[in-house]
Protein chains: 2
Amino acid sequence: MEYQEAKDKFISTWGSLGTLWGINKAMAQIQALLFISTKPLSMEDIMEDLKISRGNTSMNLRQLMDWGIVTKVLVSGERKEFFTTEKDVQELARVIAKERSRREIKPVIKVLDEVSSIKDDGTEKTKELIKQTKALHNLTQDADAMINKLMDQKQNWLTKSVFKLIK
Amino acid sequence: MEYQEAKDKFISTWGSLGTLWGINKAMAQIQALLFISTKPLSMEDIMEDLKISRGNTSMNLRQLMDWGIVTKVLVSGERKEFFTTEKDVQELARVIAKERSRREIKPVIKVLDEVSSIKDDGTEKTKELIKQTKALHNLTQDADAMINKLMDQKQNWLTKSVFKLIK
DNA sequence: TTAAACTTTCAATAATTATTGAAAGTTTAT
DNA sequence: ATAAACTTTCAATAATTATTGAAAGTTTAA
């Protein structure tokens, strides 16, 4: 497999995987492109490489910056803006996990808490609703807390203690 | 908050959260409805409650069965089919995690492995592609393995050892 | 075997989401 | 202050994804 083929394969796979971490295709592809680039890229570079419009590029770069995984860099002697992404996978994972938690999981936990706190009127269906949403609330909250804790560990938790302890 | 309001809120929240675990709205809503129901429901029941068509209900029930989280149950004296979902959250989480791993994560790991294994032609860009996809490959593989291990623990790992060890 | 009861399929359509591109906005150099 | 270089916005449009509903298929009871 040649460089270009490998690159295309990586970008398109990463792009279609966007859904898994809750972002759209173009956004994921831009991030992927920056991730394997040896130097910061301009909007022009990105549009050209991915064959997407200026508007699309602009909007998605903005979103990536909102997520905190892409930053503008100033290239001396150049007027236009250049962009890079976080290059450390560990840190990338941390930021993504944190954002997803904040944007999607936390609001759901809140709803589950509200729903599971309704007054028990003694009927079977109410009891079931309370019981099941409470269970979901606990699971979601615990899992979210755990992921956040894991991700905050600065060291490589994966290959270290946690992983081994679980066996 | 009354029962009906709480129920609607739960179903719609869970439905819109479908994306987070990679399924569509109707599918998530059907599962949510079954999850808080005190007894198995027929296709008719589901269509009526969620106000969705027969075809839609049929297709999504099928998908839920493919995922292994909904099963047909025979109700004696009834001709039509009834459905229930896995009621234990722990087990539900296990099944979902496993399916997502199989359907989405594993194929990506494979691509990352292929891409990171291209021949190093000595150029900077090839080196960077290899380095970065290798890092991503390792992270993804480790995270996937860890989640699968965690989910396979029969007991409540969340509130037990793992969680505490991380601090 | 027939027909009623029920489920599945799938082409058509609707709803949603992503993308474009050109106009408006901003920044910088002179 | 002007204009060139660049970025952002957003209404229009395209692409994708979900949903419908009716016809075809299946099962069961008699």
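Convention: sequence-line order gives letters A, B, ...; per-chain numbering from 1.
The number of heavy-atom neighbours closer than 6.0 Å to NZ of B/Lys25, taken from other residues, nucleotides and ligands shown, is 12 or below. The number of heavy-atom neighbours closer than 6.0 Å to CD of B/Glu78, taken from other residues, nucleotides and ligands shown, is above 12. Atom CZ of B/Arg102 has more than 12 neighbouring heavy atoms from other residues, nucleotides or ligands inside a 6.0 Å radius.
Counting any heavy atom pair closer than 4.0 Å across all strands shown, B/Glu81 reaches sugar-phosphate atoms only and no base atom.
A salt bridge links B/Glu114 to B/Lys110: at least one charged side-chain nitrogen sits closer than 4.0 Å to a carboxylate oxygen.
Comparing C/dT20, D/dT8, C/dT19 by their nearest atom to the side chain of A/Ile52 picks out C/dT20. In this structure, of C/dA5, D/dT9, D/dT19, it is C/dA5 that holds the atom nearest to the side chain of B/Arg79. Minimum atom distance to the side chain of B/Ser53 is reached by D/dT20, of the listed D/dT8, C/dT20, D/dT20. When distances are taken from the side chain of A/Arg62 to each of D/dT9, D/dT19, C/dT9, the shortest belongs to D/dT9. Side-chain proximity of B/Asn24 to D/dC10, C/dC6, D/dT19: nearest is D/dT19.
Here D/dC6 presents its P atom at 14 Å from CG of A/Leu74, a figure rounded to the nearest Å. Rounded to a whole Å, the CG atom of B/Asp45 is 14 Å from the C1' atom of C/dC6. Look at CG on A/Asn60: it is 14 Å from C1' on D/dT9, rounded to the nearest Å. Rounding to whole angstrom units, CG of residue B/Leu50 and P of D/dA18 are separated by 16 Å. The CE-P distance, from A/Met59 to C/dA18, rounds to 11 Å in whole Å. In this structure, A/Met43 places its CE atom 14 Å from C1' of C/dT19, rounding to the nearest Å.
For B/Ser58 and C/dT8, the shortest distance from a side-chain N or O to OP1 or OP2 is below 4.0 Å. For B/Arg54 and C/dT9, the shortest distance from a side-chain N or O to OP1 or OP2 is not below 4.0 Å.
Pair assignment for C/dC10: D/dG21, on the basis of Watson-Crick or G-U wobble contacts that are both within less than 3.5 Å.
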Stepwise side chain to side chain donor-acceptor pair (under 3.5 Å) check, A/Thr85 with A/Gln31: CA-CA 7 Å; A/Thr85 189; A/Gln31 198 276 327; 3.1 Å; yes
